[in-house]
Number of protein chains: 2
Amino acid sequence: MTVRPLPSTTVARLPGYLRSLGGLASEGAHTVSSDQLADLVGVSPAQLRKDLSYLGAGGRRGVGYEVDGLRRQIAQVLGMTEERRLVIVGIGNLGHALATYSGFADRSFELVGLVDTDPAVVGTTVAGHVVRHASELEQVVAEGAATIAILTTPASAAQQTADRLVAAGVSGILNFAPRTVRVPDDVEVREVDLGSELQIVAFHARRLSAEN
Amino acid sequence: MTVRPLPSTTVARLPGYLRSLGGLASEGAHTVSSDQLADLVGVSPAQLRKDLSYLGAGGRRGVGYEVDGLRRQIAQVLGMTEERRLVIVGIGNLGHALATYSGFADRSFELVGLVDTDPAVVGTTVAGHVVRHASELEQVVAEGAATIAILTTPASAAQQTADRLVAAGVSGILNFAPRTVRVPDDVEVREVDLGSELQIVAFHARRLSAEN
DNA sequence: ATATGTGAACCTGTTCACAGCT
DNA sequence: AGCTGTGAACAGGTTCACATAT
C-alpha cells in the first residue's frame, strides 16, 4: 500500500532503527523523539524524520514517536509479519557461525535447511538441522519452501550454486562468497565480502591516522 | 601523493576490482578493457573508468589496462604495501570463523591476537593464537602493535570494548556486534550487522516477487 | 577501429530551515 | 514551547556522450 517506493538507503537503515527501538522498549520507554533515537542509531535527526516520513509514521508534534507503534510499523514494512524461510549453502566456519546465529530467528527468519559438499560435514547436525548434500539442494529448497538463501561456498562454486538456487525458486541471496554472482532481475542479491570490508576500514583508518 | 581525495564509494569498490584482477592474472591475462572488467565485477564500464581515473590509472586507449600494473596500483592505494596488524575481540562462532578466514592474510592483514571473556575459550588455541582474556586487551593490542580490530562481542559489551580499543591506540574497527558504537572522529568504524543484511535482502526480494 | 578519460547532465539522497501541529 | 513533517537547497555520485589517443 506504500505508494512511493522507499529509497533503498532508507530501507538499509530500517533494521537499525528497529534494533534501537527494541532496546528502548525493553527499557520501558513509551515515546521517543527523533533527536533521541537518531542519537542512539547514529544518524542525524533530520535523516531519521525523513526516513520515518516515507513510512507515514505518525509522530506527534511536541511529543515524539510512540515506541511500540513505530516498531510494529517498521516490522510490517520489512515484511516481518510473515515468516521467511532460509537455507544456508556452505557449512564451513562462516556457514556454521551463521547457522547458529541467534539474530535470525528474532527477525522472523526460519532456518529450514543446510547444505554442503564435504562428506565430513554432510550428515552431521548443526543448529538442529542435518546437513544435506549439495546434490539435494533443489529438494532442500523445495521441502523447506525457502525464499532466501545464504551463500557461503568457496568462490569457485558460488555462481553455479546461485544459478541452482534461482532455478529452485529462491528470490533473495545473501552472498558471502568472495565473487560477484549474477542473477536475473527478479532476484535480489546482496554481496557481503568480509575481506573487502576490512580493507575499506583499513583504508579510512590509515587516512585518518595520516592526517595527524 | 593523491591530490584529490577518493570518493568513498570508489574506495568501497576497489577491493572488488582487485579481486577480479587477481582472477584475470591467474588466467594469464595481460590486459583488460573496462568493459570486460566491469562485467566481471558487476559495475558499469563508465563507473569503472571513472573510478580508475581517480587513481590516475593509465589505461591505453584502444587497448585497455595492464592487469599487473593495475593490481599493483590498487594494492598501493589500499595500503597493502605495508602490513596491517589485526586483533579479534570475541571468539564466539563468528569470531572463530573470522580468525580462520584465509582471505585476510591475502590482503596483507596479519592476525596478531585473539581475545575473549569466556573461561572455556581463553587459553585455547585458534588459528595459531592462544586466546587471551579480555582483561589483557590493552596488552594484546600493544604487544601486537595492532592498528585494526574486529569486534564480535555481544551487543552489551560492544561500546565498552570499542572504548578500550580506541584508548589502546587502534585506528579502525570492523564492528559485527549488533549495536552501533561511537568513537572519536580520528577512528574509523564500519558496522556490519548480519541480521540487518538479511532483512535488507528479504525486503527487496519480497518487493521483486510481488511485482510479478 | 577500438577503448580510455572526462566535463556536463542527471539523479539520488542528505541537510537545512521553518511552517504547522499539539 | 516542543517536536514533527517537508519543500527547497545542497552535496555526492552515476551516467552520458564524445573528444582524444593508440
Side-chain angles (χ1 to χ4, degrees), chain A residues 2-17 20-21 24 29-71 73-74 77 180 200 203-204 207, chain B residues 2-17 20-21 24 29-71 73-74 77 180 200 203-204 207:
Chain A
T2 310
V3 177
R4 194 119 29 112
L6 296 176
S8 61
T9 46
T10 297
V11 173
R13 282 187 291 268
L14 292 180
Y17 297 164
S20 292
L21 285 166
L24 285 169
H30 285 184
T31 64
V32 63
S33 70
S34 61
D35 278 40
Q36 289 175 291
L37 183 54
D39 187 68
L40 223 47
V41 178
V43 301
S44 74
Q47 173 92 269
L48 176 63
R49 289 202 301 277
K50 183 71 92 176
D51 283 341
L52 296 184
S53 80
Y54 292 129
L55 312 185
R60 281 167 53 199
R61 299 174 198 227
V63 180
Y65 299 87
E66 203 240 316
V67 172
D68 280 341
L70 197 48
R71 286 181 79 189
Q73 199 159 11
I74 294 176
V77 169
T180 310
I200 297 164
F203 175 90
H204 292 293
R207 184 176 46 73
Chain B
T2 312
V3 177
R4 194 119 29 112
L6 297 175
S8 62
T9 47
T10 297
V11 172
R13 282 186 292 267
L14 292 181
Y17 297 164
S20 291
L21 286 166
L24 285 169
H30 285 185
T31 63
V32 64
S33 70
S34 61
D35 278 40
Q36 290 174 291
L37 184 54
D39 188 67
L40 223 47
V41 179
V43 303
S44 73
Q47 174 91 268
L48 176 63
R49 289 202 301 277
K50 183 70 93 174
D51 283 341
L52 295 184
S53 78
Y54 292 129
L55 312 186
R60 281 167 53 197
R61 300 176 196 226
V63 180
Y65 300 87
E66 203 240 313
V67 172
D68 280 339
L70 198 48
R71 285 181 79 187
Q73 199 158 11
I74 295 177
V77 168
T180 311
I200 296 165
F203 175 90
H204 293 294
R207 184 176 45 74

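Predicted model only: the values in this text are computed from it and were never measured. In what follows, chains are A, B, ... by sequence order, proteins preceding strands, each numbered from 1.
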Do [X] and [Y] have side chains that get closer than 4.5 Å, going by heavy atoms?
| X | Y | value |
| --- | --- | --- |
| Phe203(A) | Leu6(B) | yes |
| Leu24(A) | Leu40(A) | yes |
| Pro5(B) | Arg207(A) | no |

*asked:* Under 4.0 Å, heavy atoms only, any strand: does Ala12(B) hit a base, just the sugar-phosphate, or nothing?
replied: nothing

*Which part of the nucleic acid does Ala38(B) contact within heavy-atom distance under 4.0 Å: base, sugar-phosphate only, or nothing?*
nothing

Spacing of [X] atom [atom1] relative to [N] atom [atom2], expressed in whole Å:
| X | N | atom1 | atom2 | answer |
| --- | --- | --- | --- | --- |
| Arg61(B) | dT2(C) | CZ | C1' | 12 Å |
| Arg49(B) | dC18(D) | CZ | C1' | 11 Å |
| Gln36(A) | dT4(D) | CD | C1' | 14 Å |
| Lys50(B) | dG12(D) | NZ | C1' | 12 Å |
| Leu37(A) | dT4(D) | CG | P | 10 Å |
| Asp51(B) | dG12(D) | CG | C1' | 13 Å |
| Leu14(A) | dG13(C) | CG | C1' | 15 Å |
| Leu48(B) | dT14(D) | CG | P | 12 Å |

*Within the side chain of Thr180(A), is there an N or O that forms a donor-acceptor pair under 3.5 Å with the backbone of Val41(B)?*
yes

*Glu66(A) side-chain N/O to Gly59(A) backbone N/O, donor-acceptor pair under 3.5 Å*: no

I want to check one thing: is the phosphate of [N], taken as OP1 and OP2, less than 4.0 Å away from some side-chain N or O of [X]?
| X | N | answer |
| --- | --- | --- |
| Arg13(B) | dT14(D) | yes |
| Ser33(A) | dC3(D) | no |
| Tyr65(B) | dG5(C) | yes |
| Thr9(A) | dT12(C) | no |
| Ser8(A) | dG13(C) | yes |
| Ser34(A) | dC3(D) | no |

*Assign each of Gln47(B) and Gly59(A) to its nearest nucleotide of DNA chain D by heavy atoms, then name whichever residue's nucleotide is nearer the 5' end.*
Gly59(A)

*Name the residue closer to the 5' end of DNA chain C, choosing between Gly62(A) and Ala46(A) according to the nucleotide with the nearest heavy atom.*
Ala46(A)

